[in-house]
Amino acid sequence: MDHDPFRWGRPNDATYGGYNTKIAHANPQAGNAAMPTMNTQQPIVTGTSVIAMKFKDGIVIAADNLGSYGALARFDDVERLFPVGENTVVGISGDISDLQYISRLLEDLEIDNNYDYDGHSLRAPHIHEYLQKVFYARRSKMDPLWNSTIVGGFDDEGKPFLKYVDLLGVKYSAPTLATGFGAYLASPILRKVIFEEKDVEKVDEETARNAIKECMKVLYYRDARSLDKYSMITITKEKGVVFEKNLRSENQSWRFAKDIKGYGTQKV
Amino acid sequence: MTTVSSGYQSETTSTPIEHRFNPYSDSGGTILGIAGEDFAVLAGDTRHTVGYSINSRYEPKVFSAGDNILISANGFSADGDSLIARFKNQLKWYHFNNNKKLTIRSAARFIQHLLYGKRFFPYYVHTIIAGLDEEGKGAVYSFDPVGSYEREQCRAGGAAASLIMPFLDNQVNFKNQYEPDSNGTVKRELKYLKLDEVIELVRDAFSSATERHIHVGDGLEILIVTKDGVRTEYFDLKKD
Amino acid sequence: MRSRRRNTNLSLIKVEYALEAIKQGSAVVGLTTKTHAVLVALKRNAEELGSYQKKIIKVDEHLGIALAGLAPDARVLSNYLREQALNQKMVFNRPLSTEKASILLADKAQKNTQSYGGRPYGVGLLIIGYDETGAHLFEFQPSGSSLEYVGAAIGARSQAGRTYLERTFEEYANATKEELIVHGLNALRDTLAQDKELTKLNTSIAVVGKDTEFTLYDDDDVQQWLDRLDSVANNRRGAAAGNDDDDDEDENNDEGDEKKDDAAASAEEEGVKDEDKMETDE
């Protein structure tokens with residue numbers, strides 16, 4: 001009789017030989033020197049691009065609602081935009097379980113800040129700095145949170161704020177930002193509207209929102225792991241955070257598709 | 001495990017495909033420091049890239065750390081940011097504990113310790129600091145990723161270092177320059193360059209690097225340190 | 001002391017001793033307007049040829065403290081605050097708020113009042129800071145309390161300084177930075193014993209506020225401010241004379257001998273009777 005409860009109901013090692021953990025790349029129980037603990041080595045369920053841009057009175061950001069399991073469109077109602085504090089939003093692409101973990105971190109952060117009750121609001125630059133430290137600390141432990149995120153809101157001077165941070169802790173800011181496929185598909189379109197910081201002043205809310213909507217449509221056309229159902233958040237001083245859910249990419253025209261042969265549009 | 005075979009040979013070998021998380025990336029950009037007689041400059045382009053993507057056209061990477069010390073850590077930007085943040089942080093403690101300015105010489109030795117402290121998981125950066133030494137002369141120190149360092153008259157770092165450095169050898173240290181009519185026997189005598197000459201040199205170096213290197217461009221930010229403090233100049237670079 | 005013996009809780013008695021240690025320290029005064037906060041402090045030197053005790057400590061560009069009581073305890077607390085301020089800067093890219101700073105200190109000090117074996121910090125602090133909600137002044141006590149004031153004074157003979165502040169707080173509510181410092185020095189001067197004067201050597205001044213990083217004035221830099229006073233000597237009417245021997249008492253004296261208790265007792269007798277009332281309100 002084997003008195004170790006772990007062994008009960010399992011094939012006897014003496015008869016069948018030890019279990020080969022390599023078969024399933026399984027994570028063996030702690031203490032087994034044969035294989036160390038494994039950290040995330042790849043994302044599993046993923047969300048695709050987040051895109052965002054500034055305009056003269058604020059920022060607009062959008063992300064679709066798809067959670068992909070590889071090529072499988074597994075979940076179609078995933079929210080990837082998270083308002084934090086009074087005037088900030090965090091848009092997250094990449095691994096959905098890590099996304100949910102980050103959303104809880106952000107919730108805790110907001111709660112902790114509200115406990116202080118000292119009239120100091122948690123604004124976009126503060127949240128971005130915090131997220132960057134979390135990402136960088138996890139990548140330094142070789143146990144990354146597999147995401148790329150965009151933080152939008154207002155800076156300490158009250159000007160529109162947009163900044164990116166990803167699983168490596170790499171950060172940068174620009175008047176238009178896009179993660180994942182959006183960097184290739186949406187950025188060129190957004191940069192036609194705002195090329196550099198000084199152009200922000202010339203763009204109003206309407207123009208910015210239309211540009212983002214147009215990009216969401218283009219992303220749905222060309223990014224296989226995307227959805228035409230998406231969420232969009234517009235932040236202005238005047239109206240605060242305006243959260244629009246279940247938006248649809250309207251007036252789709254797939255006429256261009258019939259011309260696609262081989263690697264792209266071409267006359268045959 | 002997977003089977004790797006070219007299909008042209010009967011023998012097949014079985015090797016594991018490494019699919020490991022890579023904690024590093026290359027953020028592109030290039031930096032350049034030159035020391036003058038009573039000034040020093042540290043310049044960097046403002047483009048931030050990963051692969052073929054331009055992430056930002058204005059993401060500064062040369063900073064004034066206080067105490068007339070300029071610092072930039074070019075390479076993997078997350079490591080660079082972290083290194084500079086730690087340096088600035090420790091500089092505050094230095095002030096609290098010692099109540100005096102940190103000399104550029106001490107800053108250099110300290111940065112060596114910051115870098116060497118992560119010898120087995122290095123900061124993937126080429127670090128350059130610039131300032132004035134105890135005699136008021138311009139000083140540039142450059143570091144490799146694990147902390148070995150040297151004081152120099154000039155140094156280029158980052159993506160286009162190999163394009164700029166030979167130009168600097170020739171124009172700052174007068175390498176391969178000889179007195180006319182000496183038939184290549186008398187070297188041109190070394191002399192300190194003036195500030196406006198240095199700025200022109202830096203601008204030429206960066207506009208040329210921008211032409212030839214895809215990770216360099218958009219904007220050039222030059223930080224200049226003199227006994228009167230730090231001042232910044234910005235120039236556009238080509239954005240293509 | 002005597003009136004407090006009724007308190008049978010031993011761990012709270014040690015807090016009372018800690019509060020007593022504050023009164024042994026030389027006086028510090030703090031005061032604020034909406035835009036600026038000022039600390040002024042009276043420094044003591046153990047002997048004529050010795051150096052003066054440091055009374056004001058910078059914590060960050062926007063934050064600083066002044067102490068009355070055990071200076072080593074204050075150094076531990078200021079180092080803790082510096083860590084917290086730098087951490088806030090590192091992780092959240094924002095300055096530590098003055099209120100948060102005072103709460104962090106209070107929470108740290110409160111733990112010492114609950115545990116067996118530990119001792120409370122023997123130091124009182126005035127914390128000034130300027131942040132997005134304006135200029136602030138907090139008084140920290142080793143009991144773990146921390147309250148906001150527009151004017152406060154702690155340390156030996158501080159009641160006199162407090163009286164000055166109570167009389168003038170409406171006047172200095174809209175004062176400029178310069179006027180505020182003068183008011184602070186006036187209050188500090190009132191805490192002096194009859195034969196003492198404010199000098200550039202025994203006075204420390206710190207100011208922080210809108211467009212003003214935390215600035216500390218010591219020694220020669222103090223003279224410009226003393227020059228603005230009508231008098232550097234105490235001109236209070238009817239100030240008790242001859243009872244100022246406690247001024248020479250070393251605040252780091254932890255021998256706890258009878259002599260020290262005597263000094264404490266005499267300090268109390270010396271017109272701080274209403275302070276007793278305030279203390280028991282705790």
Side-chain angles (χ1 to χ4, degrees), chain A residues 20 22-25 36 38-43 49 95 128-129 131-146 148 150 162-188 190-191 194-200, chain B residues 1-2 14 16-29 44-61 73-86 88-89 117-118 120-125 215 217-219 221 234 236-240:
Chain A
N20 181 3
K22 281 183 182 152
I23 291 172
H25 280 276
M38 283 206 292
N39 299 318
T40 309
Q41 298 293 323
Q42 58 187 321
S49 326
D95 190 272
H128 178 273
E129 193 77 19
L131 268 184
Q132 195 271 340
K133 291 293 177 293
V134 171
F135 277 120
Y136 187 71
R138 287 291 296 261
R139 89 97 214 187
S140 296
K141 282 197 266 180
M142 293 297 277
D143 185 14
L145 293 169
W146 218 290
S148 299
I150 294 172
L162 213 54
K163 208 160 181 174
Y164 166 100
V165 59
D166 65 18
L167 71 166
L168 295 175
V170 169
K171 61 177 177 185
Y172 46 83
S173 66
T176 66
L177 284 176
T179 72
F181 245 107
Y184 306 108
L185 296 173
S187 281
L190 295 175
R191 282 176 185 172
I194 296 179
F195 183 74
E196 55 196 346
E197 199 64 46
K198 67 173 163 55
D199 300 331
V200 173
Chain B
M1 303 287 249
T2 188
S14 181
I17 288 188
E18 286 262 2
H19 192 82
R20 234 176 84 108
F21 168 63
N22 178 194
Y24 295 114
S25 71
D26 183 355
S27 315
D45 67 328
T46 63
R47 177 177 287 188
H48 189 291
T49 64
V50 166
Y52 291 127
S53 293
I54 296 171
N55 294 323
S56 176
R57 297 188 188 276
Y58 185 70
E59 187 64 33
K61 57 173 160 285
N74 192 237
F76 173 43
S77 68
D79 276 350
D81 292 340
S82 172
L83 179 78
I84 292 169
R86 281 183 64 195
K88 285 184 175 176
N89 201 237
K118 270 173 66 69
F120 296 107
F121 187 10
Y123 286 121
Y124 227 82
V125 287
H215 291 147
D218 291 328
E221 208 157 69
Y234 176 86
D236 273 330
L237 290 175
K238 283 169 84 171
K239 292 174 173 57
D240 56 3

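Proteins get letters first, then strands, A, B, ... in listed order; numbering begins at 1 in each.
- A donor atom on one side chain and an acceptor atom on the other are found under 3.5 Å apart for D79(B) and Y136(A).
- Taking CG from N22(B) and CG from L167(A), the interatomic distance works out to 9.5 Å, rounded to the nearest 0.5 Å.
- Chosen from V170(A), V165(A), D166(A), the residue pairing most often with chain B at heavy-atom distances under 4.5 Å is V170(A).
- Heavy atoms closer than 4.5 Å to chain A are found in the backbone of Y58(B), but not in its side chain.
- If you tally non-hydrogen atom pairs under 4.5 Å between each of G169(A), A174(A), S173(A) and chain B, the highest count goes to S173(A).
- Here K133(A) contributes atom NZ and S82(B) contributes atom OG; the two are 7.0 Å apart, rounded to the nearest 0.5 Å.
- The aromatic rings of Y172(A) and H48(B) sit tilted relative to each other, their planes meeting at an angle between 30° and 60°.
- In this structure, the separation between CZ on F21(B) and CE on M142(A) is 6.0 Å, given to the nearest 0.5 Å.
- At a 4.5 Å heavy-atom cutoff, the contact between Y184(A) and chain B is made by side-chain atoms alone.
- In this view, Y124(B) and Y24(B) satisfy the ring pair (Phe, Tyr, Trp, His ring centres under 6.0 Å) rule, not counting sequence neighbours.
- Heavy atoms only, all atoms of each residue included: L177(A) and N55(B) are closest at CD2-O, 4.3 Å.
- Contact annotation: the side chain of R57(B) never approaches that of E197(A) to less than 4.5 Å [non-hydrogen atoms, C-beta and beyond].
- Interatomic distance, D81(B) CG to Q132(A) CD, rounded to the nearest 0.5 Å: 6.5 Å.
- How far OG of S77(B) is from CG of L168(A): 9.0 Å, rounded to the nearest 0.5 Å.
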